[in-house]
Amino acid sequence: MEDLNKIDVKTGDAEGAKVRQKGVWKRFFHMLKTANLPYLWIIIYVALTVVEGRVLILIPQVTGNFFSGDASVSSVLKFIGFELLNTAISLVMLFLNHLIRFRTNRNLRNALWGKILRLRPSYFDRVSSNTLISRITLDTEAVNEVVFDIVLDLLTSIYYLTLTLREMSSISMKASLIMLAFAPLSVLLAFFVGRLTMKFENRSKFRMANLTEYLSELMSCLPLLKALNMQGYERRRGKQVVNEYYKANRSLIGLDVVAKVIGTLVGCLPEIAIILLGVRMMQSNELQASEWYMFYAYSGALIGFVGTLTAIWERSKSVQGRLNKVSDVLYEEEESIENYVKESLEAGDLSFDGVTFGYEEKTVLENVSLTFPGKQITALVGHSGAGKTTILKLLERIYEPNEGRILAGGREIASYNVRAWRENLSYVMQDPPLISGTIRENLLYGIDRDVSEYEIKDVLQQTRLTEFIDSLPDGLEHEVGQFGSKLSGGQRQKIAVANAILTKADVLVLDEPTASLDIISTADIVNTVKELSGKRTVILVTHDKQAIGAADHIVAVEKGGKISEGKLAEMLKTSGFFRTMMQEEAAK
C-alpha cells in the first residue's frame, strides 16, 4: 500500500503562476460578441450615468451657497431636489445593473454550454468535467466584472473626472494642477499591485479548482474509501488541499492589507496639500469661503475618481486569468457538425485499411487492417492496453487516423457528416450511467422520433426486461436515481442495450456488456445479442467465453497492434494468442 506519510497532492503551481498576458482584450471582445449583451439597456445605463454626473456636479455648487450665507428656501429646495433626483437615478441604475448582469450571465452560459457540446470528443480526454463546470458557473462571472466593474466604471470615472477637473479649473487653475501632480503616484502603485493581484488571484483559483476536483472525486467513492479503511489517509490529504487553498487566500489578504495601507498614505498626500493650499489662498483672498468649499468637495471627488481608475486596473488583472480560461473554450476547435442533408450508411462491412494511430508520441495501432462484417456479430477481444478502445474511438470518429482509411461499405467514413455518422452508430459502455429520471425517459433518451408502446414492449422482451418492469408498482415511470443508482448493474446494462436497439442504429457497439454481471444477466445479454444477428452490425468487446461463442466473426488484438481474425473454429486453430486467452477464460 502507498505510504500514508507521503501524501501527494497536485497544487497547480506551474499553471497558477503563469497567466497569458497578450491578447486578453481581443479575447474579451470576442466574448462580448458571444455573450450577446443587452446593448439597449446598457445605452440607457450610460445615459443615466451622464445625467447622474451632471447632478453630482451641481450638488457642491448649491451646498457652497450655504457657506456664502445663502440659506433661502429656494437654495434649500434645490439641494433637496438634487439629492432626491440623485437617489432616484441611483436606484434605477442599480436595477439596470443587476438586470444586465443576469442577462449577460445567462447568454454567455448558454453560448458556452452550446460550444462545449460542439467540441471534439478528444477535448474531454484532456479537460475534466469539473473544470468545465467551473468555466460555466464561476468563470463566466469575470465577463460581468469586466463589463461593469471595469469598462463602465472606467468610462464613468473618466467622464466624472473630466467634469470635475473642468469645475475645479474654473475655480483655480493653479490648485488644480497641484492636485493632478499627485495622480502618477496612485497610477504607479496600482500598476505594481495589479500585477501581484493577478498572480495571487490566479493561484487562488487553481487551489480552489484542486479542492473541487479532489472533493468531487472522493464523494463518488466514499463507500470504497471506508471499505479500504482509508479515512485517515484521505483526511490528511484533504487537509493538505484545504490548507493550500487557505495559504493562497492568505497571500491575497496580505497583499490587500498592504495595498490599502500604502493607498491610504498616498491618498492623504493630496488632501493635506489642498488643505494647506486652501488656507493660504483664503488668507491671500485668492479664494472665498464658498469657492474653497466647492474646490475641496471637487478635490475629494477627484481623488475618489483617480482611486477608482487605479482599482479598475487592479481588478482587470485579477480577472484576466478567468477571461483566458473562458476564451480558451470559446476558441477551441469544433467538430464538423454542419446541418448537411442526412446520409444513409452504406450497406456492407466496416473495415480498417492500413490504419495507423497514436496518442502524441506513442503509436498504438500501426498499419492495421481488419473487418467487421455487415449484419453480423463480431467479438473484439484482446488484453487490456492492446488497442481495442482505440479501435472503437476511431470507429466513432472521436479521433481520426494518422494514416490509412476506415470504410463503411467501401466508402470512407470521413466523408460522412459527423452527426449523420453517429446517428448510425449506437455505443453502450461497460457501466452505462443512466440519466436521472424514469426508466421510460432512459429508454427514449436521444431518440428524436415517435416510439409506440408496442415497440417499447417488443424491445423489453428482447432485452429480458419485461418481468422486471411488470414487478414495479409504477412500471416504466419508476425513477432510476442518480446515474441509475436504484437499479442493479444488470438492469442498467439491459436498459442501455434496449435504448441502443430503439435508436435503430445500423451499427451497435457493446463494450464489455457482461463484465460485471451474474450468470443469469450475462445469459440474457448474450441471448439479446444473438437475436440481432442478421439485423444489425454488432461489435461486441468481450472476454466472456459465452459471449464470444455467440459471435459470427472474431477480431483478436494483441499487444503491439497485431491483428488476427476469422470464425471461432478457425481462430482456435490459427491464433495461438486467441487459443491461450480462451483457455485462460475457461480456467477461471
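Below, all heavy atoms of this structure are taken into account, side chains as well, without hydrogens, waters or symmetry copies. Counting from 1, the numbers follow the sequence of the chain as shown.
- In this structure, CG in Asn424 is found 12.5 Å from CG in Leu508, a value given to the nearest 0.5 Å.
- Looking only at side-chain heavy atoms (C-beta outward), Tyr445 and Leu434 stay at 4.5 Å or farther from each other.
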Query raised in the report: Checking salt bridge (Lys or Arg N to Asp or Glu O under 4.0 Å) for the pair Glu479/Lys486: CA distance, chi angles, key distance, verdict?
Result: CA-CA 8 Å; Glu479 293 284 338; Lys486 295 182 180 180; over 6 Å; no
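- The structure places CD1 of Ile413 at 6.0 Å from CZ of Arg397, a figure rounded to the nearest 0.5 Å.
- Formation of a donor-acceptor pair under 3.5 Å by the Arg579 side chain with backbone atoms of Leu572 is found in this model.
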Requested in this report: Would you sort out whether Thr542 and Ile548 count as a side chain to side chain contact (heavy atoms under 4.5 Å, CB included), showing the intermediate values?
Outcome: CA-CA 7 Å; Thr542 185; Ile548 293 173; 3.8 Å; yes
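- By the neighbour-count criterion of 12 heavy atoms within 6.0 Å, atom OH of Tyr454 is sparsely surrounded, having that number or fewer from other residues, nucleotides or ligands.
- Counting only distance, with no hydrogens or angles, the side chain of Arg103 and the backbone of Arg101 share no donor-acceptor pair below 3.5 Å.
- Side-chain contact check for Arg449 versus Lys504: some heavy-atom pair is nearer than 4.5 Å.
- Remark: side-chain polar atoms of Thr363 are not paired, donor with acceptor, to backbone N or O of Gly358 under 3.5 angstrom.
- Side-chain N or O atoms of Asn367 include none that pairs as donor or acceptor with a backbone N or O of Thr356 at under 3.5 Å.
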**Report entry** Trace of the side chain to side chain contact (heavy atoms under 4.5 Å, CB included) decision for Trp421 with Val507
**Finding:** CA-CA 10 Å; Trp421 170 253; Val507 180; 5.5 Å; no
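- Side-chain atoms of His543 come within 3.5 Å of backbone N or O of Gly382 as a donor-acceptor pair.
- Shown here for Ile501 and Thr463, the closest heavy-atom pair between the two residues is CD1-CG2, 4.0 Å.
- Not a single donor-acceptor pair under 3.5 Å links the side chain of Thr378 to the backbone N or O of Ile539.
- You'll find the side chain of Leu568 reaches within 4.5 Å of the side chain of Ile554, heavy atoms only.
- Interatomic distance, CD of Gln376 versus NZ of Lys567, reported as 5.5 Å (0.5 Å rounding).
- Here the OG1-CG distance, from Thr389 to Asp511, works out to 6.0 Å after rounding to the nearest 0.5 Å.
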Report task. Quick one: do Glu570 and Lys573 satisfy salt bridge (Lys or Arg N to Asp or Glu O under 4.0 Å)? Show the steps, please. Result -> CA-CA 5 Å; Glu570 179 186 352; Lys573 292 179 181 179; over 6 Å; no
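- Tyr123 has its side chain out of reach of Ile116: every pair of non-hydrogen atoms, C-beta onward, lies at least 4.5 Å apart.
- Under a 3.5 Å cut-off, the side chain of Arg405 and the backbone N or O of Asp353 do not form any donor-acceptor pair.
- When all heavy atoms of His553 and Pro373 are compared, the pair lying nearest together is CD2-CD, 3.6 Å.
- For the pair Ser564/Thr574, no side-chain contact is recorded, criterion being any heavy-atom separation below 4.5 Å from C-beta on.
- Going from atom CZ of Phe352 over to atom CG of Leu370 covers 5.5 Å, rounded to the nearest 0.5 Å.
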Query raised in the report: Between Asn36 and Asn110, is a side chain to side chain contact (heavy atoms under 4.5 Å, CB included) present by the stated rule, with each step listed?
Result: CA-CA 10 Å; Asn36 190 23; Asn110 284 334; over 6 Å; no
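- Between Ser351 and Thr371 the shortest heavy-atom distance is CB-OG1, 4.0 Å.
- Under the 4.0 Å criterion applied to side-chain N and carboxylate O atoms, Lys115 and Glu332 are not assigned as salt-bridge partners.
- Remark: side-chain polar atoms of Glu333 are not paired, donor with acceptor, to backbone N or O of Arg120 under 3.5 angstrom.
- Side-chain contact between Val368 and Val557 is absent, with no heavy atoms from C-beta onward closer than 4.5 Å.
- Rounded to the nearest 0.5 angstrom, Leu510 CG and Leu392 CG are separated by 10.5 Å.
- The shortest heavy-atom contact between Val428 and Ala500 is CG2-CB, 3.7 Å.
- At most 12 non-hydrogen atoms from other residues, nucleotides or ligands lie less than 6.0 angstrom from CG of Asp450.
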Requested in this report: Determine, stepwise, if the pair Lys388 / Glu512 fulfils salt bridge (Lys or Arg N to Asp or Glu O under 4.0 Å).
Outcome: CA-CA 11 Å; Lys388 302 188 301 299; Glu512 296 281 10; 5.5 Å; no
**Report entry** Evaluation steps, side chain to side chain contact (heavy atoms under 4.5 Å, CB included), between Asn499 and Asn442
**Finding:** CA-CA 7 Å; Asn499 168 259; Asn442 278 277; over 6 Å; no
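- Gly475 and Ile439 make their closest contact through O-CD1, 4.1 Å (heavy atoms, listed as atom of the first residue, atom of the second, distance).
- Side-chain atoms of Gln491 come within 3.5 Å of backbone N or O of Ser488 as a donor-acceptor pair.
- A donor-acceptor distance shorter than 3.5 angstrom exists from the side chain of Asp349 to the backbone of Gly374, with no hydrogens or angles considered.
- Ion pairing between a basic and an acidic side chain is recognised when a charged N comes within 4.0 Å of a carboxylate O; Glu396 and Lys393 show no such pairing.
- Across Thr137 and Arg109, no two heavy atoms sit closer than the pair O-NH2, 2.8 Å.
- The closest side-chain heavy-atom distance from Leu350 to Ile406 is not below 4.5 Å.
- Counting heavy atoms from C-beta outward, Leu476 and Ile469 have side chains that approach closer than 4.5 Å.
- Other residues, nucleotides and ligands contribute only 12 or fewer heavy atoms inside 6.0 Å of the CZ atom of Phe102.
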